[in-house]
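Comments concern the structure below.
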Amino acid sequence: GATIMAGNAAPGASVNALTWISGASTPYVKLTVIPVPRLRIGGLYNGTTHETVDYTEVDLSAAATGTTSGTGWSYTQATNTLALNGYTGGAIVAEYMGSDFKITLAGNSVLPDAGKVYDPVSQSCCGILIRYTPLTAISGDGSLQMSTALVAIDGSLTIGGSVAMDVGSCVGEGWETDMAYDGIALWTDRDYDRDPIYNSDFSPTLTVTDTADVTATGFYNGVYINTFQCTTGHLIVERGGKLSGFGGAVNMGVQVEGDITVSGGVLIGQGVLDASYQKNGAFGVYAAGGLTVSGGTVVADGYNAGIYTYNPVGQALSSIVISGTGCLIATGRTIIGGEVTAPAIWPNGEAAQGHEYDFVTHTGIDKVGKYGDATCVIGGYTITSNVTGGTLTPKFTRAGAGMEITVAVQPDSGKTLTANTLKYNDTVITADANGVYRFTMPAKAVTLTATFEGGTETATTLTAPQMN
């Protein structure tokens, strides 16, 4: 009497095996299929019909060999690699591409606003949509810009090399298919009644590594790893990677239904408040399974909380661990976390404590760094200054390796900064095109120095003695 639910199998797929999932609140039969891979390039969105058309369908049959190419792109079947080099075409959709699917970036690829496809699972308009592909690796030394989302359904993403990516931010004109709800999203296309047993085997991972620099902006979340509250997702930032997530009207900069681990590089999460959603959004970084920072820097800025670690499965706050050379910078109103293990470096010399929180009224008594709109910095390396004739004010007085630090320079009255004398340790800091001084924090303490010259001279009047 069980119902077999078979969905999202590509045309031509065949049944491989049936597996009974016991213990679920509803009896399920899980179908494992032999899928047919599919790769479509260059889809353009029709705003009247709300459909994406004009794809180039890549031949992925067993008979296909060699490389298929178009303007700014090529696909090599032998290595399962899609190469983008100055690509300016439309949306890209990949399905059932296996665990070795790769996208390489060279040159500067820019997808037009019309180059998008609507995904009903993540409810986003996507420039790149990857479905039912266990792992996709994005690497290279090029860049990718698109106002639409990068979405993986039932799969993981690794972004590495020295790529620069800027995705998301499109909010459309009132039609849901015109919006990038999340800039980067990993979703499950499974059970919508959120049955923990049924979804417990889904463990999507987003890894940002090497020197990749990724910025994601969404109408809701900048980055979202969604496991339907099973907290089995993972976000990893390592080896100098940088991930910046900027939330939109109601939600979070970075939202992970699982754990976040930062062992090197920088993770930035910034939430934006909408007054009608004060209980739901405006968190900088949300890590349901806890946050561990053993190297690099996490910067979290949110109206309701910089850091939030509520686990809906256990209905408790998950732990925050800061160790080694890791650094946590939380701005906004508070850090809401469970047991905190961290160096004893807190404002006002307070010890690390837990947090008492009422999940019904969304109020509580903070024991973890609630200082109004102040900044709470835990761990990292010190930034000090040694200067006369003016002041040097870094954005933060502590930071982890890889964090970008701006420095405000204020000469005393009548003095000016001598060219090329502003330094961190022995390295010169020069102003950018906007006159802003900034440097990247090394893996050691920093002393800022500078030379100021000039000033107002004091005139002295000498009176000759009277001669008799």
Side-chain angles (χ1 to χ4, degrees), residues 8-13 35-61 64 67-77 80-98 101-105 107-133 136 138 142-155 157 165-187 189 216 218-219:
N8 302 305
V36 173
R38 194 175 189 185
L39 180 61
R40 292 175 288 170
I41 310 291
L44 296 176
Y45 182 71
N46 186 316
T48 301
T49 64
H50 306 294
E51 295 179 348
T52 301
V53 295
D54 298 332
Y55 285 109
T56 296
E57 190 88 27
V58 179
D59 184 2
L60 300 178
S61 66
T67 299
T68 305
S69 63
T71 303
W73 68 272
S74 63
Y75 173 75
T76 303
Q77 184 139 325
N80 198 16
T81 301
L82 173 64
L84 303 181
N85 188 346
Y87 177 71
T88 57
I92 297 170
V93 179
E95 298 177 330
Y96 298 105
M97 295 299 291
F101 181 50
K102 296 174 284 293
I103 299 175
T104 61
L105 302 179
N108 183 28
S109 295
V110 181
L111 271 65
D113 289 345
K116 59 190 177 186
V117 57
Y118 178 67
D119 171 50
V121 177
S122 64
Q123 302 177 36
S124 279
C125 62
C126 309
I128 298 178
L129 174 59
I130 304 167
R131 300 183 190 180
Y132 323 121
T133 298
T136 300
I138 302 175
S143 63
L144 173 66
Q145 295 172 283
M146 57 186 188
S147 63
T148 47
L150 168 61
V151 173
I153 303 299
D154 280 359
L157 289 174
M165 295 176 58
D166 191 344
V167 303
S169 79
C170 140
V171 296
E173 298 179 355
W175 183 262
E176 64 176 0
T177 57
D178 289 338
M179 295 185 181
Y181 275 77
D182 308 304
I184 295 178
L186 276 59
W187 275 66
D189 183 13
F219 180 72

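The analysis underlying the following values was restricted to heavy atoms, covering all of them including side chains, and did not include hydrogens, waters or symmetry mates.
Not counting sequence neighbours, the partners of Asn108 by the side-chain contact (heavy atoms from CB on, under 4.5 Å) test are Val110, Ser143, Gln145. Annotation: salt bridge (charged side-chain N to carboxylate O under 4.0 Å, His left out) contacts of Glu51 (sequence neighbours excluded): none.
Looking only at atom types and distance, the side chain of Thr67 has no donor-acceptor partner in the side chain of Ser74 under 3.5 Å away. For the 3.5 Å distance criterion, the side chains of Tyr75 and Asn80 qualify, holding a donor opposite an acceptor. No hydrogens or angles considered: nothing links the side chains of Asp119 and Ser124 as a donor-acceptor pair under 3.5 Å.
The distance from the OG atom of Ser109 to the CE atom of Met165 is 10.5 Å, given to the nearest 0.5 Å. To the nearest 0.5 Å, atoms CG (Leu39) and OG1 (Thr56) are separated by 10.0 Å.
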For Leu144 and Asp166, what are the C-alpha separation, side-chain angles and deciding distance, and is it a side chain to side chain contact (heavy atoms under 4.5 Å, CB included)? CA-CA 6 Å; Leu144 173 66; Asp166 191 344; over 6 Å; no
Run Leu105 and Ile138 through side chain to side chain contact (heavy atoms under 4.5 Å, CB included) and show every step you take. CA-CA 8 Å; Leu105 302 179; Ile138 302 175; 4.2 Å; yes
Stepwise, does the side chain to side chain contact (heavy atoms under 4.5 Å, CB included) test hold for Thr81 with Thr104? CA-CA 7 Å; Thr81 301; Thr104 61; 3.9 Å; yes
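Minimum heavy-atom separation, Cys126 to Ser122: SG-OG, 4.5 Å. For the pair Cys125 and Thr148, the tightest heavy-atom approach, listed with the atom from each and the gap, is O-CB, 3.7 Å. Between Thr133 and Phe101, the shortest heavy-atom distance links the atoms CG2-CB, 4.0 Å. Annotation for Arg40 and Tyr55: closest pair CB-CD2, 3.5 Å, computed over non-hydrogen atoms. Closest heavy-atom contact between Pro37 and Tyr96: CB-O, 3.2 Å. Summarising the geometry of Val121 relative to Trp187, their closest heavy-atom pair is O-CZ3, 3.2 Å, with the distance given to 0.1 Å.
Side-chain atoms of Thr68 and Trp73, non-hydrogen and from C-beta on, do get closer than 4.5 Å to each other. Using a 4.5 Å cut-off on side-chain heavy atoms (C-beta onward), Arg38 and Arg131 make no contact. Between Leu111 and Lys116 the shortest side-chain heavy-atom distance does not fall below 4.5 Å. Met97 is not listed as a side-chain neighbour of Thr136, based on a closest heavy-atom distance of 4.5 Å or more. Residues Ile103 and Ile92 form no side-chain contact, since every pair of their non-hydrogen atoms from C-beta on lies 4.5 Å or further apart. Contact annotation: the side chain of Leu186 approaches that of Leu157 to within less than 4.5 Å [non-hydrogen atoms, C-beta and beyond]. With a 4.5 Å cut-off on side-chain heavy atoms, Val167 and Ile184 count as touching. Between Ile153 and Ile130, every side-chain heavy-atom pair lies at or beyond the 4.5 Å cut-off.
The backbone N or O of Ile41 sits nowhere less than 3.5 Å from a side-chain atom of Glu57 that would complete a donor-acceptor pair. Distance alone, capped at 3.5 Å, is enough to place a donor-acceptor pair between the Tyr87 side chain and the Gly90 backbone.
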